[in-house]
Every structure is written in C-alpha cells, then in structure tokens.
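See structure below.
Chain identifiers are assigned alphabetically (A, B, ...) following the order of the sequence lines, protein sequences preceding nucleic acid strands; residue numbering begins at 1 within each chain. These numbers come from the heavy atoms of this one structure, side chains and all, not from hydrogens, waters or symmetry mates.
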Number of protein chains: 2
Amino acid sequence: MSTTAQPPAPSAAGLPRGARRIGIVGAGQLARMMLGPAIELGLTTPVLATDAGESAAAVAGQMRLGRHDDEHAVAALARDVEVITFDHEHVPAEILEAVRDEGLAAVRPGPAALAHAQDKLVMRERLRELGHPCPRWWRVGSREDLAAALAETAGRLVVKTPRGGYDAHGVRIIDGPDQADDWLSDHGELLAEELVPFTRELSAQVARRPGGEALAYPVVQSVQKDGVCYEVVAPAPDLDAAAQQRIQALALAIAEDLDVVGMLAVELFETADGAVSVNELAMRPHNTGHWSMDGAVTGQFEQHLRAVADLPLGSTAPRGPVAVMVNLLGGAAEDLAPGAHAAQAADPELKVHLYGKSVRPGRKLGHVTLVGEDATDLLDRAHRAERLIIDGPSVADAVGPDTGGPDSGSPETAAGPAPTFRPIPAGPSKETR
Amino acid sequence: MSTTAQPPAPSAAGLPRGARRIGIVGAGQLARMMLGPAIELGLTTPVLATDAGESAAAVAGQMRLGRHDDEHAVAALARDVEVITFDHEHVPAEILEAVRDEGLAAVRPGPAALAHAQDKLVMRERLRELGHPCPRWWRVGSREDLAAALAETAGRLVVKTPRGGYDAHGVRIIDGPDQADDWLSDHGELLAEELVPFTRELSAQVARRPGGEALAYPVVQSVQKDGVCYEVVAPAPDLDAAAQQRIQALALAIAEDLDVVGMLAVELFETADGAVSVNELAMRPHNTGHWSMDGAVTGQFEQHLRAVADLPLGSTAPRGPVAVMVNLLGGAAEDLAPGAHAAQAADPELKVHLYGKSVRPGRKLGHVTLVGEDATDLLDRAHRAERLIIDGPSVADAVGPDTGGPDSGSPETAAGPAPTFRPIPAGPSKETR
C-alpha cells in the first residue's frame, strides 16, 4: 500500500489545532460510527439531529435537536464547539459560510470544498479544469440539450440532479429527451453523463488535515446493488501496485486541489483497458470505507475525527491481507437481532455493526466485516451472515448467499449477487454513504 | 493460542437471551470503554454514575445518577434494563440478590460468583476447595494470628483487607504483628499471604456465557508499578504452548466452577520453576485485557457485553503476532492532549485511549496500545508515547522511556521501569482494574 504524507503547515490563524469539541451536523449512521472513536480519543462530539430517534441521536452522549438547513440550529451547534463536521453533505453553503465568517467554529470540510460534493455540476466543472479523468458529461437545461447529448451516446444517458441525491436517489437512466422533464422543472439544470462500460467500480479514500498532511487508504473494489453500496473488498483484487499508486495519487491530488479536510472518498469506474474515471466524491466517511473500522489500524471514523480536529493522522495500514464489508440492506426480517446472533454464532470472527434504524426494504441498517487471507472465502462468509441477518435465521437457514431456495424470502432479498469478483454490468452508479 | 468452547445450554428460565438493554453499575473507564462496542452491537447501555462528570457518565448516551450501594438506585437501573453488569465489584451482594429475587433484571455475573471477586477470603477458601494453586495464606483475626503466620514466613507477610481494595489500596506488607491493627479493627478478619518469590506476573482472561460457552484469550504478561497495572505484553513472551494451555484451562475451570458470566481475569504469579499460583480474580473487563481492544478480533469490552447479554462469543484470536499495552498514570502534565498529539504524530500506528479523567499523580488516565512483530520494539514505542503524554511534550521531548534526563519531570514519573522483560522483584501485587 502506498501512502503519502506532507508535513503539516501551521494552522490558519484563529482555527483550532487539536480541537476537542467537534459538532456533527446530522445524526445518521456515519455520525453514529464516529461516537465510539470519539470516546477513545477523548473528544466531545455533540450531534445535531432532526429527531431524537435517529441513528446517532439515540446513542450520543450529547445531542441537539434541529435541522441541518436551519441556520439557527447549525449556529447554535457551532457556538458550542470548536469545529463542525458532517454526517452528510446537504447543509446549505450559506449557512456554513455564516458560521465561518462569524467565527462561531471552524467548518471542516469548508464550504468551498464541500460545494464539490454538494453539486455534481460544480464537481464536474472543477475536475475538468484540473484535468482529472471523468466520464463524458453535459450540462443540460432543456429537452433540446438532452436530445443533443443522447445523439452522442447511442441514445442512452445517465441523468443526475446536481444536488440532493444520495444512494439511488437523484439518478436515472433515460433513452428519450422527455424523460427528465420533472427534474428539469425542479432543478433547472441537470448533469447528464455517458453510461460508462465499466468492468468494476473502485473507491479511493484519503484523509487530509488542514495543513495539508494527507494519507491514502488501500484502493478498494465496490459492488452496488440497486444503486446502493453493497459489497467492498480491500484492497481491490488484481489491482497492480502501479495502478493502486496512480489511483491513490489521483485521490490525494483531488483532496489537495479542492482543499478537503477530513475523509474524502473518490468513487471510480474501471474499464476493460484498466483506465479509471471519477464517478462521485464524498467528503466524509463513506460506505466504501467501512471495512477500515475492523480492517485498518485507523478506521475511517477515527481518521475523519483526527483530520477535522487537526490531530495527527493515524496509520492507514491494513490489519490483514484482505478485508471485506457487506451491507445489511433491509429485507424480510423486521428484527435484525435474531439473525445477527445466528450469524455471530456461526462465525466468531464476524464483526457486526448495527445502526439502530427501523427496517425498510433496501434501507441501510448495518454492515458486517471480516478480515482474513482469502477474499472469496471472506465474501462467502459475509454474505451468509448478511442473509441470516436480513432474512432472519428461520428463512435464511441453509440458503446460500446467491441462491433463492424454496424457503428463501422475497426475490429481491434472497437473490443477491454472487459473492465473487464478477464483472459488473455497465450501468449507473450513484453516490453512497 | 488455545481456546475451548462448549455448546451453550438453554438459558435458565426467565433470564433474557440476547438481551438488548444492559445496565452498567458504575461509570469509570471500564464502563466507558463498553460504550463504543455497545453502539456497534446495537445494545443500549445506561450507566449508573455517582457524578455526571465520571469517566463513562460524561459520554454515555443514557446515564442515571445514583450510588452503587444504594439499593433504590440499583433497583431503578435494573427495572429499566434486562441485565445489569458492572464497572467494579463493590455492589453489596444483598442489593444484587434483591434485584435477582424480585426479577427486576438478570445479574451478570451473579452475586454468588461475584462474591469471589468481592471478598478475598471467600476467594481463597473456594480456590482451596477446588484445588487450584494459591500462595500460602491465613485467615487472621488478631495479632496472635499474625504472629503465628509471620513465624512461618521468615517474618514478612502480605496483608489484604478482604473487601473494598483496588489497585494499591487494601494491600500492605508487614514485618510485625502490630502493623495491621487498624485493619483488624475495621474488618475483623484479614487475608494474610506469603510473599511469593515470583519472577513475573501473568494474567489469563476468559469470557463465559450463561449457558457455559467459554473462550480463553492468550495469556499475557503484566508489570505492576506501585501496585498498579502498568504494562502488558500479549501473548506472554517465552511461555510455551503447554504452559499457555494449562493456564487457560485453569482460568476456564475457575470460570466454570464459580459460574462466572462475563469476562474473568485471573492474575497469576509465575515462579522460577514455571509454576503459577492465583493472585487475584476480577469478574469484568480488566486492565490486563485492554490490549485486546486493538490487538484481538474481539476486544474484551465487546466480549463482556456479548457474554452478559447472552450473545455468541467472538473470536479471541490476536490481530498480530504481539500486542502491548502501557497505562497512562497521572504525572507532570495537567493536560494530556498536547502529549497525546505529539505521540500520535511520532507514531501513526499508536492507539491512544483517554478516559476523560482529571489528572492526579498515579491515577489511571488512559492507555496506549500497539500491535506488531517485536515486543521490545513495541514496548519501546509505547513507553515513548507514555512519557510524551503523561509528562507533556516539552518535558518528555528526547527523554527515553527509562531514563530521567535533566529535562525530565518529577523522579516518580520520569524514572519508569525499563521496557523490557526483566524479572520482577518479589513483592506484593494488588488487584487492578
């Protein structure tokens, strides 16, 4: 694994170095998974939650109720801490600029960096300026624009809302210029992209401090399911050292160019010739980095806190030859606990992470990880655990990870993808958390 | 590493299997370090704290104020959960028996088991009945008893209060029969033990579920400093496989014989002939097991929760060839953060765990761990980090771990033991948390 580090420059005047109180805007599972590492680091991390029952709100030591798009709620959190950071990228820039300009707290990542994770058109424009590889893309504001783009792409396009999307939301494949009228009406302009004929998706995580110190994690392979991150293998199989270093360098360059502080995830398409292009950016811990909680010396949640607190970064070295992560997406079981216990009993090395969320089909409810020697074996075990947990032990019992037996649950939940490194069919991929 | 597992028997009637709400009596650092794993397991873990500023109380998602020896406070916690467990062993047995008998919550470990960790005379009597190796010991109730015991031990004895001791408290070396009058007056009976001429101290941790499933961790070597756990190496260096298995079997037998549920730590003396004898028992996560947070697949805090919730136990396999733990005992620095940052900067693999406690000399304020290949190297690095953190970066800068240079802090804090596997001089050792 290749990593690079630059000596930190002095912090900008007035910004806290080694901050101890970090406010987290948003209280989903990403905020939740920061809480354990924050306790060990001795950091205080109040969360801003819309509802006291949200994933992080229910377990946080300190919690404020308020919306992420309410300037007063965000300002009240900011006044109580030295740094604010994020569970998601949906806080309006003007709210963050006000927090920064009024000196209420440092904003990490800052609003100028965050714009590239908030607005896909801003991201594409900037990556083009920087010369980083992207799919062919168009800024479209009308049916005519869409028709013109469709004429260049064999009649199919991926269309994305510039803002507000997550997981499968805000992404659509169209084959006619009238199939995005609703979004054009709502958003004015959309991002249209070619369908990249990718053979697989990769993801590169890096962490960066305010002064510029940055470290890269091993590049991972990810598999999406219905537009949602589903399976990750770290490091990406069959990725040679030169390619790994090239991709890490790309992610580090983006972090530097955009002045990211915290974790940055760069999701990538890899095509048959080995080339990569940037799909999405996320400036926070990311689903494709969950493996690091158990599989790296410093998990991404601890690392994000260290980066935004302006503490020295921790080693990104893996704890074993291979780590895998499989998401627990809502299925037949209304209660995950019985299946989790069955999975833990079947595999003592399994690490189960539950988010405390109510079950809805396809919803991210948790994930499992395994660290070991052989990716195929680890994926097989992780998918067995997944089935037990999301289908429930009585349904999933004896059903393999990629077959829907007579006793299996609904077709959507029982017929998951095969847990192997098969090529992924070309199609859209969406941002994941 | 040898471990044994027995298939779980059905839970006793009325006791929750796979409990989800675990109340923790006490809010010290042991309760604190359960909080992160509880979040990931999806368990709710309210803590009973005497003061809202206590180590775990300050960061817990749910906290009740009340004393561990107030039957009403413990009962109120118990009514709110399915299982109660402990940060320490000082809850009076009658309070726990009432919780159990009234069916308010399962008590794990149960009061009958816990008695052996609460009362050293009960522990010694029971271990003798079971035929487990102990130092020579006497139940003493008078100066005459002490004089008789002193006559058998070359004039020196370790005297311990049966109850209420921790770390260096409640342990004294005497060379005259009138040197324990105060304790005789307070306690009536004391435990007197020979000074074991041990060459080092070992500790064996095991986890056990209600039905009997049990797993052993690798046996570790521990070093005490002023009666407080200071340094641990896992696995214990130069302990052959047969000895390791014999000691693990001893700890598993004690857990079974005493019907322990949760983590059990068996602290042992090893003498020059390789024989071991039991020094102390603790029925909770223990300082000598902190290495497992970063050095084992399942850390002891997660494992304790799994055991008391009656969930399947996790693998106790180590994550690397060697793990070390060094305690951060209060020294010159009044604020640990600057030194922690310096230590993190110097060693990106270092894992720092801070307890959020105010600094007092010798007080347990946190610990550091490292996992790697070579114990000597890891200990050297861990002690460098320790110095930076407890002396502060300006004092500790360039001072080695076992030398007190001209810029070093107070003699007590700067002149730590050499970070090597030297034989430990004979002397008393006391229970540690």
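- By the side chain to side chain contact (heavy atoms under 4.5 Å, CB included) test, B/A255 is found to be paired with B/V206, B/R208, B/V260, B/L264, residues two or more places apart in sequence or in another chain being considered.
- Contact annotation: the side chain of A/Q344 never approaches that of B/T298 to less than 4.5 Å [non-hydrogen atoms, C-beta and beyond].
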Anything under 3.5 Å between a donor and an acceptor, one on a side chain of residues 350-357 of chain A, the other on a protein residue two or more places apart or in another chain? List them.
unit_1 : atom_1 : unit_2 : atom_2 : d
A/K351 : NZ     : B/V297 : O      : 2.7
A/K351 : NZ     : B/E302 : OE1    : 2.7
A/H353 : ND1    : B/E40  : OE1    : 2.7
A/H353 : NE2    : A/D294 : OD2    : 2.7
A/Y355 : OH     : A/H367 : ND1    : 2.6
A/K357 : NZ     : A/Q29  : OE1    : 2.9
A/K357 : NZ     : A/K364 : O      : 2.8

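- Between chain B and the residues A/T44, A/L35, A/D335, A/L313, the largest count of heavy-atom pairs under 4.5 Å involves A/D335.
- Ranked by non-hydrogen atom pairs under 4.5 Å with chain A, the options B/G320, B/P348, B/G36 are led by B/P348.
- In this structure, the portion of B/A60 lying under 4.5 Å from any heavy atom of chain A is its backbone and not its side chain.
- At a 4.5 Å heavy-atom cutoff, the contact between B/M33 and chain A is made by backbone and side-chain atoms alike.
- When every heavy atom of B/H341 is checked against every heavy atom of A/P312, the shortest pair comes out as O-CG, 3.1 Å.
- Each of B/R306, B/M293, B/Q62, B/M63 has some count of heavy-atom pairs under 4.5 Å with chain A, and the biggest count is that of B/R306.
- With hydrogens and angles ignored, the 3.5 Å screen pairs a side-chain donor or acceptor of B/R32 with a backbone N or O of A/I39.
- For the options A/P338, A/G314, A/A58, heavy-atom pairs under 4.5 Å to chain B are most numerous at A/G314.
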